[in-house]
Amino acid sequence: MECPPMGLETLKIDDFQLHASTTKRYGLGAHRGRLNIQAGLHEDDLYDGAWCAGRDDPLQWFEVDARRLTKFTGVITQGRSSLWSSDWVTSYKVMVSNDSHTWITLKNGSVDLIFHANREKEIPVRNIFPAPVVARYIRVNPRSWFARGSICMRVEILGCPMSDPNNYYHRRNEVITTDDLDFRHHSYKDMRHLMKVVNEMCPNITRIYNIGKSQSGLKLYAIEISDNPGEHELGEPEFRYTAGSHGNEVLGRELLLLLMQFMCLEYLSGNQRIRHLVEETRIHLLPSVNPDGYEKAFEVGSELSGWSLGRWSNDGIDIHHNFPDLNSILWEAEVKKWIPRKMFNHHVPIPEWYQSKNASVAVETRALIAWMEKMPFVLGGNLQGGELVVTFPYDKTRSQGVIREQTPTPDDHVFRWLAFSYASTHRLMTDANRRACHTDDFAKEDGTINGASWHTAAGSMNDFSYLHTNCFELSMYVGCDKFPHESELPEEWENNRESLLVFMEQVHRGIKGVVRDLQGRGIANAIISVEGIGHDIRTAADGDYWRLLNPGEYTVTVRAEGYSLTSKKCEVGYEMGATRCDFTISRTNMSRIKEIMQKFNKQPIRLPIRQLQARRSRQRRLGT
């Protein structure tokens, strides 16, 4: 039986368990020899992309201390993550020990086994031992390497810990879940089947639908969880989670499949918190935005897909950053002082060029946009992988040519709270003692960061959602390992479960209400402005609206074409549940006159003012 990865990539193995014969420098130390670790922007710093030996000779080694007897079954290796260098090991021996002094080399009969390793730096290569070996320590001893490079490696060890109830390290690190869920990786077919099973288990609160198709024709399935599936209820906010826009970041996909099972089971068992969420919210889960990419990564398997296989859509597009860049349009309009006369500070229209047939827009992106425009979403989260942080808009820097710069939205305080609500309830994100995944230590920042101050990216789903719709969208990077081994899923579920629920509950923070006319009819597309925040939202088709706000007192103004402007004070408290703030607005005199004229098929007579004045004075003189 092949054992699962021990956890160099997932950081279960800590830095003190990794050792090496020699090291080129600290940034290339043994602690950097983890599968899929990524180098920093400046590769000469503390965060480089591999362990590199201080000397290039056959006496070098990379060692892992499992801290207990372990059945080792194989090794996976990669070269160095680097834009500039080409370094990888082409063959190696493996040694094991129980005391770190006496080492035994794995043999084929009486000859030392030589394992063939990498032929380039990114694609992982797995070697399974002819027979498992039991020991505490394991060493990889490079024997040959790329001729124009150095000895550099990123490693994962496959091993099963032997049972030892007295082992302190094991007890300390163990996380057990009590949830009885389907903890495995699901192919497209398996995912569809699982959604069907959940729908059959909870037919009264679930509905399966699709928002379109992928480039290869796979349907993009979503599941709705609500007490009235299939319809928008007046005053009930709509929430969405999406995952897998990068097909190889599969943890988010599995978390959403676990979440839908969990919500169904807990609803049936009478869990009050879940019942309240389901009855007060219309929840949409879209587990796989890029099923084509996922199938590529899934085919190769969890440890061997590397850092990018399956990331893009079938036609090579990064779906998450494939949306129109509305930031530039808005910022240019602000510079020209067009707002609000020529352009609104919200619902920025999609430029014409983007809608043309030959624009390089993925079919998956177009399906997402149509879905985002159709549903009155209030809050959304897209689950990503490869890091442990929550990012919030803007994702694009305002200063041209600047790679990193704080670029806040007018709703920065709300976004910071939303991001913190997820990060602070995650088991690891805000843990100051945890090791950084790759280069950035986000735990110092409370596990959250403004997207643009991490790295600028135009056309992100988050910026588009904020500028084109009413929906506030954030990205949750839910784990260091993009494609964790199946055995890691129960622990990853425990890490994220509370955060997934808490973030959904934030959709009920702020104010909500209905804008009606004097006859009590809802008014669609009315503009809701909050004094001091330069970003408005609009009412949905029935006149209902939701405005996410932090606790405080706000002056809220409603305006709609043909209606008088109305303002009132609305207060947001600290307890959960949005404050009700309804508006009744009346028609302006002018719009009423226009309506009457149209009714009687007469147009208003627009006489020049001088003619009107002359006519009036003539009437006065004649005494009429």
Side-chain angles (χ1 to χ4, degrees), residues 185-200 206-225 229-230 232 238-250 252-257 259-260 282-300 305 308-324 350 353-377 380-385 459-462 464-465 468-469 471 473 483:
H185 287 297
H186 295 80
S187 67
Y188 180 77
K189 204 171 149 194
D190 294 339
M191 176 184 81
R192 218 173 50 190
H193 176 67
L194 181 61
M195 289 173 104
K196 202 161 168 269
V197 167
V198 170
N199 179 232
E200 283 164 4
T206 60
R207 173 180 76 103
I208 300 168
Y209 65 100
N210 74 77
I211 68 159
K213 286 183 180 175
S214 72
Q215 202 266 342
S216 75
L218 298 178
K219 286 180 179 164
L220 308 178
Y221 284 109
I223 191 162
E224 179 192 333
I225 304 175
H232 171 73
E238 307 227 2
F239 176 92
R240 68 166 178 255
Y241 270 133
T242 57
S245 57
H246 299 140
N248 62 329
E249 294 170 14
V250 308
R253 169 194 177 109
E254 293 307 327
L255 286 174
L256 292 192
L257 294 177
L259 180 64
M260 72 183 189
R282 191 179 180 204
I283 298 159
H284 304 258
L285 308 178
L286 177 59
S288 193
V289 169
N290 178 7
D292 297 351
Y294 174 82
E295 290 300 301
K296 282 179 198 161
F298 179 76
E299 206 176 309
V300 179
S305 56
S308 57
L309 178 70
R311 176 185 174 89
W312 297 278
S313 72
N314 249 8
D315 36 10
I317 290 170
D318 180 336
I319 297 168
H320 186 67
H321 297 114
N322 187 220
F323 292 81
I350 296 172
W353 66 264
Y354 185 89
Q355 298 179 56
S356 72
K357 282 277 188 289
N358 54 6
S360 56
V361 181
V363 287
E364 295 88 346
T365 315
R366 292 204 192 277
L368 280 173
I369 290 175
W371 185 52
M372 291 159 85
E373 289 178 334
K374 182 182 170 191
M375 304 282 189
F377 291 117
N382 51 79
L383 306 187
Q384 312 278 339
S460 77
M461 182 172 177
N462 300 359
F464 172 80
S465 182
H468 186 67
T469 75
C471 185
E473 178 94 6
F483 196 155

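Every heavy atom of this structure was used, including side-chain atoms; hydrogens, water molecules and symmetry mates were not.
To the nearest 0.5 Å, the span separating OG on S214 from CD1 on I319 amounts to 8.5 Å. Between I317 atom CD1 and S245 atom OG the span is 13.0 Å, to the nearest 0.5 Å. The structure places CG of N382 at 10.5 Å from OH of Y241, a figure rounded to the nearest 0.5 Å. Here L368 contributes atom CG and L220 contributes atom CG; the two are 7.0 Å apart, rounded to the nearest 0.5 Å. Atom OH of residue Y188 and atom OG of residue S216 lie 8.5 Å apart, to the nearest 0.5 angstrom. Here the CG atom belonging to D292 is positioned 15.0 Å from the CH2 atom belonging to W312, to the nearest 0.5 angstrom.
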task: Please report the C-alpha distance between T242 and W371 in whole Å, then the side-chain angles of each, then the deciding distance to 0.1 Å, and finally whether the side-chain contact (heavy atoms from CB on, under 4.5 Å) criterion is met.
output: CA-CA 12 Å; T242 57; W371 185 52; 3.7 Å; yes

query: Can you check side-chain contact (heavy atoms from CB on, under 4.5 Å) on V361 and I369, steps first, answer last?
result: CA-CA 11 Å; V361 181; I369 290 175; 5.6 Å; no

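For the residue pair H246 and N290, no side-chain donor N or O sits within less than 3.5 Å of a side-chain acceptor on the partner. In summary, the side chains of N358 and S356 do present a donor paired with an acceptor at a separation below 3.5 Å, with no hydrogens or angles considered.
In terms of modelled atom types and a separation under 3.5 Å, the side chain of N314 and the main chain of Q215 share no donor-acceptor contact. Side-chain atoms of N322 come within 3.5 Å of backbone N or O of S360 as a donor-acceptor pair. The backbone N or O of L309 sits nowhere less than 3.5 Å from a side-chain atom of S305 that would complete a donor-acceptor pair. E254 contributes a side-chain N or O that, together with a main-chain N or O of H186, makes up a donor-acceptor pair within less than 3.5 Å. Under a 3.5 Å cut-off, the side chain of S465 and the backbone N or O of C471 do form a donor-acceptor pair. E473 contributes no side-chain N or O that, together with a main-chain N or O of M461, makes up a donor-acceptor pair within less than 3.5 Å. At distances below 3.5 Å, at least one donor-acceptor pair connects side-chain atoms of N199 with backbone N or O atoms of T206.
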Taking distance alone, no hydrogens or angles, what donor-acceptor pairs closer than 3.5 Å link side-chain atoms of residues 282-289 to residues at least two apart or in another chain?
unit_1 : atom_1 : unit_2 : atom_2 : d
R282   : NE     : E224   : OE2    : 2.9
R282   : NH1    : E238   : OE1    : 3.3
R282   : NH1    : E238   : OE2    : 2.9
R282   : NH2    : E224   : OE1    : 3.2
H284   : ND1    : Y209   : OH     : 2.7
H284   : NE2    : E238   : OE1    : 2.8
S288   : OG     : R253   : NH1    : 2.7

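A 4.5 Å side-chain heavy-atom check between T469 and F377 finds every atom pair outside the cut-off. By the 4.5 Å heavy-atom criterion applied to side chains, H320 and Q384 are counted as neighbours. Looking at F483 and V300, their side chains never come closer than 4.5 Å, going by heavy atoms from C-beta outward. Between H232 and M375 there is no side-chain heavy-atom pair separated by less than 4.5 Å. Side-chain atoms of K219 and R192, non-hydrogen and from C-beta on, never get closer than 4.5 Å to each other. Side chains of M260 and L194 form a contact here, defined as non-hydrogen atoms less than 4.5 Å apart.
With sequence neighbours excluded, the residues satisfying ring-ring contact (aromatic ring centres under 6.0 Å, His included) with F298 are Y294. Partners of F323 under the ring-ring contact (aromatic ring centres under 6.0 Å, His included) rule, at least two apart in sequence or in another chain, are F464.
Scanning all heavy atoms of the two residues, the minimum distance from M195 to I208 falls at O-CD1, 3.4 Å. When all heavy atoms are compared, the tightest approach of A367 to G212 is CB-CA, 4.3 Å. Shown here for E364 and S313, the closest heavy-atom pair between the two residues is OE1-CB, 4.0 Å. Of all non-hydrogen atoms in A243 and G252, the two that sit nearest each other are CB-C, 3.5 Å. K213 and V363 get closest at one heavy-atom pair: O-CG2, 3.7 Å. Minimum heavy-atom separation, N210 to Y221: CB-CD2, 4.1 Å.
Open room surrounds CD on E299; 12 or fewer heavy atoms of other groups in view lie less than 6.0 Å from it.
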